[in-house]
> 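Let me give you the structure first, and then I'll get to my questions.
Just so it is clear: chains get the letters A, B, ... in the order the sequence lines come, proteins before strands, and each one is counted from 1. The shown structure was predicted, so the numbers you read here are calculated from the model rather than taken from an experiment.
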Number of protein chains: 2
Amino acid sequence: MKSQNNGETSPRRARGRPRGWEDKTAQNTIKSLDRAMEVFEFLSEAQGKALTVISAEMGQSPATVYRVLVTLEGRGLVEFDPVEQVWHIGPQAFVIGARFLRRTSLVDCARPLLRKLMEETGETANLGIEKEGSVLFLSQVETYANIRAFFPPGTLSPMHASGIGKALLAEMDEARLTRTLQGKPFEAFTEFTITDLAALRDNLAEIRRAGFAIDGEEKNLGMRCIAAPVFDVNGEAVAGISVSGPTSRVGRDDIARLSGSVMEAAQALSLAIGGHATRRRT
Amino acid sequence: MKSQNNGETSPRRARGRPRGWEDKTAQNTIKSLDRAMEVFEFLSEAQGKALTVISAEMGQSPATVYRVLVTLEGRGLVEFDPVEQVWHIGPQAFVIGARFLRRTSLVDCARPLLRKLMEETGETANLGIEKEGSVLFLSQVETYANIRAFFPPGTLSPMHASGIGKALLAEMDEARLTRTLQGKPFEAFTEFTITDLAALRDNLAEIRRAGFAIDGEEKNLGMRCIAAPVFDVNGEAVAGISVSGPTSRVGRDDIARLSGSVMEAAQALSLAIGGHATRRRT
DNA sequence: TTTACGTTTTTCATATTGTGAAAATGCTCT
DNA sequence: AGAGCATTTTCACAATATGAAAAACGTAAA
């Protein structure tokens, strides 16, 4: 498990991180900062709550929570609504968060491809990545149709009930798969949701064979979704592209037609970010 | 300027904030948290920097910055790139930031209108609000054309050189105008940028008369933009809608045609969010 | 391979400063 | 007017954040 130091191009090597650097960082976190960020995240999940409610639900002193909120308010990360007397996430949080997308060229590369995909298929096209065992939707181009499937960017969705999620899971090796899935019970959203590991494994094998994943009303009734993985330079699946729409337009008969476009877009994105068009052959 | 307490429906009144509540919050901010957030914001502006660089540029101890970053990393707000050995904004920041949009229904209400506006005009349609003396772009629907004006959501832009910015400035009263503009020198981006207050005032008067604002290559050469204000329930301008495109397609002759659509969309949004279709008559 | 250098972590002693309980303040509703 | 409730502030204490310096570590040069 020693560092292998044999990266092919090795643009400039790491310097200074100790030997086993998996996740041993726990003793030099700042406690008060971590507690403050807990408040920040809590507020983002449950917006529009009053101070008392927040402090009660978090089991913290109102005074402390108050000071955290006031401090964050000073930077616009949080906002106070003086009419409703409740706290919200502030605009500065949006500004900073949006800069995450700037980091990787993934979104920039993807947008023209998403648009093309949407125009070809007529359905909303989505881009997502994996984030801590969930699918994080980064960008989308909406269909012209009035009935739409809509995942606002920033939305998190469980892997096991999402097209992009399953497309990513299907490309993971055994260790990563176990790690990603651990501690995540398979919540059943509809009668079609895959709720046990054996069935999921079967489905993943099928996905690998086909090259694309189908979410057939597994998250929302009446909605179907076709997804394909995007590979980076190392041949690892780092993102997924999908189209999603109502079953009326995305029927079983449409799968053959749509999946081709989706896989094509995913391959184009893989190439655009300097990756392999297909999975790594081990 | 005292609180008027005569809101029409007054769903539930505020309780507990002391008398003069302008901005007297300064003594109960948490210093260490504020310093940590400074690091966070600094990183968002200058991504991909190494620890040493960050601490040097911020004039802080490397040890402190390190602990802040490790703490934020533990929550995914920040990420460490072990290859390049630099720090970035993390996905969790995007997740939290995106929830800012959920707070107000502004974006939800606007999207269908932006789409319609884009289809009518053929140009990219944008939605923006004012945030601390700058325009914050919240959402957009892109044109089909290959040459595009593009402000990614989350972008900040100066008020004086932006269509939406000027549309909002034009609706401010004297006090608010002064407050918004103070401490912001009029940076010149092109030869057409308005750089002095007198000229800006003239332009704002013209905008009020016309009902829409034009940014004629004032920020980017070759790009023109037509914007109109959106009013809330109190008749205050809280947002702006615009279309933007290259001067080749958005020429002087197109202004009459486009401005109608823009104003129409802005009025529709005003109504959709429960506001007045036009400015408050004082 | 060994040495030198630059960067990142950790250690450690110190006092800064974050903390919660409780009191004070301010608002709304009866 | 006054009770009741939620938000701020005060205050005394010790938890803990801090920076300097040392240690750990990887890279590049000798």
> Rounded to whole Å, how long is the line connecting atom CG of B:Asp81 with atom P of C:dT7?
17 Å
> So, is A:Arg67 close to the D:dT10 phosphate, meaning a side-chain N or O under 4.0 Å from OP1 or OP2?
no
> In whole angstrom, what separates A:Asn28's CG from D:dT18's P?
13 Å
> Need to verify one output field. Residue with the more 5' nearest nucleotide on DNA chain D, A:Pro62 or B:Pro62?
A:Pro62
> Less than 4.0 Å between a side-chain N and a carboxylate O, is that true for B:Arg176 and B:Glu130?
yes
> Is A:Arg35 near enough to D:dT16 that one of its side-chain N or O atoms lies under 4.0 angstrom from OP1 or OP2?
yes
> A:Leu72 has an atom CG; how far is it from atom P of C:dG18, in whole Å?
13 Å
> For C:dG18, does OP1 or OP2 lie under 4.0 Å from any side-chain N or O of B:Ser32?
yes
> Has B:Tyr66 got a side-chain N or O lying under 4.0 Å from the OP1 or OP2 atom of C:dT7?
no
> Check this for me, if you would: do B:Glu41 and A:Arg75 make a salt bridge, where the nitrogen-to-carboxylate-oxygen distance has to be below 4.0 angstrom?
yes
> Can you tell me how far P of D:dT18 sits from CG of B:Leu33, to the nearest Å?
10 Å
> Using a strict 4.0 Å threshold on nitrogen-to-oxygen distance, state whether A:Lys184 and A:Glu132 make a salt bridge.
no
> Do B:Arg111 and B:Ser139 meet the criterion of a side-chain donor-acceptor pair at a distance under 3.5 Å?
yes
> What's the CD-P distance between A:Gln85 and C:dC27, to the nearest Å?
10 Å
